[in-house]
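This report concerns only the one structure given below.
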Protein chains: 2
Amino acid sequence: MPTRNTVQRQIIAEGLRRLANHPTADEVYEAVREEHPGIGRATVYRTLSLLADEGQIGRVRINNGADRFDHRAFEHYHVRCTHCGRVDDVMVPVLDGVDEAAAGASGYRITGHTLQFDGVCPACQACEASSA
Amino acid sequence: MPTRNTVQRQIIAEGLRRLANHPTADEVYEAVREEHPGIGRATVYRTLSLLADEGQIGRVRINNGADRFDHRAFEHYHVRCTHCGRVDDVMVPVLDGVDEAAAGASGYRITGHTLQFDGVCPACQACEASSA
DNA sequence: CTTTTTGCAAACCCTTTGCAAGACA
DNA sequence: TGTCTTGCAAAGGGTTTGCAAAAAG
């Protein structure tokens, strides 16, 4: 099934590019809709998912929360602030050899992995300090 | 807030212990309810979450899926079959030093991490082979 | 008695789906 | 034209919440 190059696709990709930090599909929807009120929520969800599957954008699956998208497609990990929900990149080297190790240990054919950190972001650390 | 020792707590912990492999909260609910029809779904969700927070049981957060629980509390990783949804343990050594590295790279105070593998389980590999 | 918990049902969030109308190639 | 895609609204899965009644300490 050849994939078509629709206006919405452009708009959504562009919208994602402008939202700096790991927006959720709904945030992209809200943003895009300000300039293009006609666009449908389902289209945004479908398109982001499609682009992510094609590898054109990154998808960050968050434990217990909405998926987030990233206009940069290269693999990297993320931290999530357990106080405010903020998500940031973690520029730690990508784990090497773990997939093979996991394959050996489990018998699965491993296709990939997700590593997510939990923690408290600098801003929330500051709040804690001042309120304590 | 002192935590009380209720009948339901016992029943739920016991129910989890009997379900072998990483049941979801709803699976625990269904199982528990066979012997104790009066128990409420919300109670099961609340209790499992509570026990997990207390560290008495393990919680496996699955990308894009229901949380799963584990009566064993020690830290280990998991694989999820992208075909059938099955979840298994992966007995690979727990990552050492990544939390510190992530803290350094991000400025967060890191409290933990989650590593999840995706792949195809042995059974599904067999299906693929035979149907191809 | 006081405070935590429970059970119920309804609410909630995030996402997907069915389907007819519309847009691409 | 053929078939992808869209938009809409509704359904869906998983989990949480408000609240009065019940139970624990």
Side-chain angles (χ1 to χ4, degrees), chain A residues 1-16 19 22-54 56-57 59-70 80 82 84-85 87 116, chain B residues 1-16 19 22-54 56-57 59-70 80 82 84-85 87 116:
Chain A
M1 47 151 164
T3 175
R4 288 184 184 172
N5 199 17
T6 68
V7 199
Q8 288 84 342
R9 228 94 113 180
Q10 317 278 7
I11 294 175
I12 293 169
E14 167 60 22
L16 175 61
L19 291 179
H22 313 298
T24 62
D26 235 68
E27 286 166 351
V28 175
Y29 170 60
E30 292 298 342
V32 150
R33 160 195 233 221
E34 285 179 15
E35 299 207 3
H36 307 270
I39 211 158
R41 171 185 263 103
T43 301
V44 175
Y45 274 84
R46 272 188 293 232
T47 301
L48 287 172
S49 206
L50 183 90
L51 294 175
D53 289 345
E54 286 180 345
Q56 300 189 222
I57 64 175
R59 165 193 269 138
V60 189
R61 296 188 193 276
I62 296 294
N63 288 341
N64 256 346
D67 278 7
R68 287 156 181 280
F69 296 88
D70 192 331
R80 184 192 201 197
T82 47
C84 67
V87 172
Q116 180 194 314
Chain B
M1 46 154 164
T3 176
R4 286 182 186 175
N5 199 18
T6 68
V7 199
Q8 288 84 342
R9 226 92 113 181
Q10 316 277 7
I11 294 175
I12 292 169
E14 167 60 22
L16 176 60
L19 291 180
H22 313 299
T24 62
D26 235 68
E27 286 166 351
V28 175
Y29 169 59
E30 291 300 342
V32 149
R33 158 194 233 222
E34 284 177 18
E35 298 210 4
H36 307 271
I39 211 158
R41 170 185 263 101
T43 302
V44 174
Y45 275 83
R46 273 187 294 231
T47 302
L48 288 172
S49 206
L50 182 90
L51 293 177
D53 290 345
E54 286 180 346
Q56 299 190 223
I57 65 176
R59 164 194 270 140
V60 189
R61 296 188 194 275
I62 296 294
N63 288 340
N64 257 343
D67 279 7
R68 287 157 182 280
F69 296 87
D70 191 330
R80 186 196 198 191
T82 48
C84 66
V87 171
Q116 180 194 313

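Atom set for the values below is all heavy atoms of this structure, side chains included, hydrogens, waters and symmetry mates excluded.
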Between D:dC8 (P) and A:Y29 (OH): distance, integer Å:
7 Å
Has B:T47 got a side-chain atom pairing as donor or acceptor with B:T43's backbone, closer than 3.5 angstrom?
yes
Does A:Y45 put a side-chain nitrogen or oxygen below 4.0 Å from OP1 or OP2 of C:dT15?
yes
Between B:S49 and D:dT16, is there a side-chain N or O to OP1/OP2 distance below 4.0 Å?
no
Between B:R9 and B:L50, is there a side-chain heavy-atom distance shorter than 4.5 Å?
yes
Nearest heavy-atom approach of B:A31 to B:L19 is CB-CD1, 3.9 Å
Could you check how far CG of A:N5 sits from C1' of C:dG22, rounded to whole Å?
17 Å
Taking atom types as they are modelled, is there a donor-acceptor pair under 3.5 Å from the base of D:dG14 to the side chain of B:R41?
no
Judged by each residue's nearest nucleotide on DNA chain C, which is more toward the 5′ side, B:V44 or B:N64?
B:V44
Distance criterion of 3.5 Å, no angle test: do you see the side chain of B:R4 paired donor-to-acceptor with the base of C:dT3?
yes
Atom CG of A:L48 and atom P of D:dT6 are separated, to the nearest Å, by 11 Å
Validation row: A:Q10, A:N5 side chains within 4.5 angstrom (heavy atoms):
yes
Regarding A:A42, tell me which of base, sugar-phosphate or nothing describes its non-hydrogen contacts under 4.0 Å with the strands shown.
base
Between C:dT6 (P) and B:H36 (NE2): distance, integer Å
14 Å
Among C:dT15, C:dG7, D:dT6, the one nearest A:T43 by side-chain distance
D:dT6
Rounding to a whole Å, what distance do you find between B:Q10:CD and D:dA23:C1'?
14 Å
Take atom CZ of B:R68 and atom C1' of D:dT15, then tell me their distance rounded to the nearest Å.
15 Å
A:R46 CZ to C:dT15 P: how many Å, rounded?
14 Å
Between B:G65 and B:T6, name the one whose nearest nucleotide on DNA chain D is closer to the 5' end.
B:G65
Atom CD of B:E30 and atom OG1 of B:T24: how far apart are they, to the nearest 0.5 Å?
9.0 Å
Starting at atom CD1 of A:I39, determine the distance to atom C1' of D:dA9, rounded to an integer number of angstrom.
17 Å
According to a strict under-4.0 Å criterion, is B:Q8 in side-chain N/O contact with OP1 or OP2 of D:dA23?
no
